[in-house]
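First the structure, in the form of structure tokens, and then the observations on it.
Proteins get letters first, then strands, A, B, ... in listed order; numbering begins at 1 in each.
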Protein chains: 2
Amino acid sequence: MEQPTLRKEQIYFAAGGLFSRKGYHATSVRDIARELNLQGGSLYAHIESKEDVLWEIVQRAASEFLQQVAPIADERAPAPDRLRRMIVEHIRIVTDRLEDATVFFHEWRFLAPERRDCITLRRDEYEAAFRRVIEEGVARSEFRAVDPRLTAVAVLSTVNGVYQWYRPDGPLSPTQIAESFAELFLHGLQAQHTGG
Amino acid sequence: MEQPTLRKEQIYFAAGGLFSRKGYHATSVRDIARELNLQGGSLYAHIESKEDVLWEIVQRAASEFLQQVAPIADERAPAPDRLRRMIVEHIRIVTDRLEDATVFFHEWRFLAPERRDCITLRRDEYEAAFRRVIEEGVARSEFRAVDPRLTAVAVLSTVNGVYQWYRPDGPLSPTQIAESFAELFLHGLQAQHTGG
DNA sequence: CCTACCGATCGGTAGG
DNA sequence: CCTACCGATCGGTAGG
């Protein structure tokens with residue numbers, strides 16, 4: 001999403017950048033307005049509240065992950081292949097939409113309780129997709145006998161953490177990073193190995 | 001640290017809880033004062049600014065990790081043993097001091113630039129300790145040839161992420177969690193394995 | 001440590 | 001979309 005033309009989209013775009021750099025609470029509606037050369041109050045011709053803007057950004061990011069990554073969990077390929085592709089696609093989204101992903105991971109907890117609960121549910125659903133692949137891999141002896149939940153959490157922590165250090169001008173492409181992480185975890189999950 | 005008696009410590013304690021639950025910017029000095037049954041302005045008999053309180057909490061957490069975990073990197077044990085112990089000790093600190101660790105990971109970026117840079121340095125130093133162990137393990141063929149930086153980042157993301165989901169009343173002890181993660185990464189780093 | 005206050009800024013609205 | 005404003009709250013201070 002580059003330089004959207006619709007005012008509402010411009011607001012989400014500017015807010016995404018500000019929320020990711022300064023945080024939700026340290027960003028004022030006047031900060032957002034200034035980026036669009038508007039007066040503070042003028043924003044309210046397009047939005048209903050500051051929280052609605054956060055909600056929209058967070059929801060879109062959640063949908064991105066759920067729609068583009070989670071379904072891979074239920075394809076018919078071997079578990080290791082599925083897990084690898086989920087890692088690659090997840091990191092592609094994070095690096096592709098670095099600011100919105102940052103807001104999603106960092107600021108969702110400032111939503112009102114009802115909305116926060118909704119995001120918690122979607123995150124649980126997402127984690128469950130990773131857990132399912134690992135469980136199936138274990139069941140089919142494609143993976144060794146690990147705790148599926150802990151392993152899913154480790155993978156997710158690692159791929160989520162990318163937003164904290166990734167820089168587009170860094171030496172490694174998103175795919176290289178993802179393949180490296182996938183190798184690490186797939187080795188770690190490997191069923192057979194010579195003793196150390 | 002439970003129920004400190006010194007006023008200044010009580011302030012750090014209350015602020016740690018509030019900052020971790022609501023975030024630094026959404027917590028007012030009056031929120032902190034209320035927890036200690038004080039008036040808002042009375043805090044300033046003990047502190048110089050709200051940011052100083054954040055600084056103290058973040059500094060202490062950083063010191064904890066640097067002093068208790070980083071030195072393990074330079075002991076003379078085999079690299080896999082050192083890495084395992086670093087993971088265990090790191091997670092012990094996170095779970096032991098869940099609120100301060102949360103503030104450390106989540107709110108340090110709201111410090112003024114100079115202090116933020118100082119924390120960035122200390123974090124880099126800490127990451128370097130993990131990287132060093134991995135590099136040495138690779139050099140001695142205790143680990144396979146991985147990218148030491150990416151691997152260090154994966155391990156750190158995973159052990160840092162514990163604060164986001166760990167609950168003291170959960171089914172797994174901090175040590176069990178840590179051993180499970182250590183197994184996963186040590187398997188992933190293993191030098192020899194039968195091809196998959 | 002309290003009372004009482006400072007100027008600044010907050011999210012949001014009315015009326016045009 | 002602007003002007004002008006609302007009440008509330010912010011971090012912090014003076015004086016006791």
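What separates CD1 of I11(B) from P of dG12(D) is a distance of 13 Å, to the nearest Å. Atom CD in Q39(A) sits about 15 Å away from atom P in dG11(C), given to the nearest Å. Atom CG of L18(B) and atom P of dC10(D) are 12 Å apart (whole Å). One atom, CD1 of I32(B), and another, C1' of dG12(D), lie 13 Å apart when rounded to the nearest Å. Look at CZ on R34(B): it is 16 Å from C1' on dC2(C), rounded to the nearest Å. What separates CG of L36(A) from P of dC2(D) is a distance of 11 Å, to the nearest Å. Atoms CG (D52(A)) and C1' (dG12(C)) sit 13 Å apart, rounded to a whole Å. For R30(A) and dT13(C), the CZ to C1' distance is 11 Å, given to the nearest whole Å.
Cation-pi check for K8(A) over F13(A) is not met; the charged atom does not lie both under 6.0 angstrom from the ring centroid and within 45 degrees of its normal. A cation-pi geometry, defined here as NZ or CZ lying under 6.0 Å from the six-membered ring centre and within 45° of its normal, does not hold between R82(A) and F130(A).
The heavy-atom pair separating E99(B) from G17(B) by the smallest distance is OE1-CA, 3.4 Å.
Ring centroid separation for the pair F143(B) and H187(A) does not come in under the 6.0 Å cut-off. For F181(A) and F185(A), the gap between ring centers reaches or exceeds 6.0 Å.
Counting non-hydrogen atoms under 4.0 angstrom, G41(B) reaches a base of the nucleic acid.
A salt bridge between R140(B) and E136(B) is present, with a side-chain N of the basic residue lying under 4.0 Å from a carboxylate O of the acidic one. The pair E127(A)-R123(A) does not meet the salt-bridge criterion, since no charged nitrogen lies less than 4.0 angstrom from a carboxylate oxygen.
Side-chain atoms of Q39(B) and R30(B) form no donor-acceptor pair, as typed in the model, at a separation below 3.5 Å.
Ring orientation note: the planes of H90(B) and F65(B) are close to parallel, at an angle under 30° on the 30°/60° scale.
Counting only Watson-Crick and G-U wobble pairs whose two key distances fall under 3.5 Å, DNA chain D forms stems of three or more stacked pairs at C:1-16 with D:1-16.
Set against dG11(D), dC1(D), dG11(C), the side chain of S28(A) has dG11(C) as its closest nucleotide.
Non-hydrogen atoms lying under 4.0 Å from DNA chain D are contributed by Y44(B), S49(B), K50(B), all within residues 42-51 of chain B.
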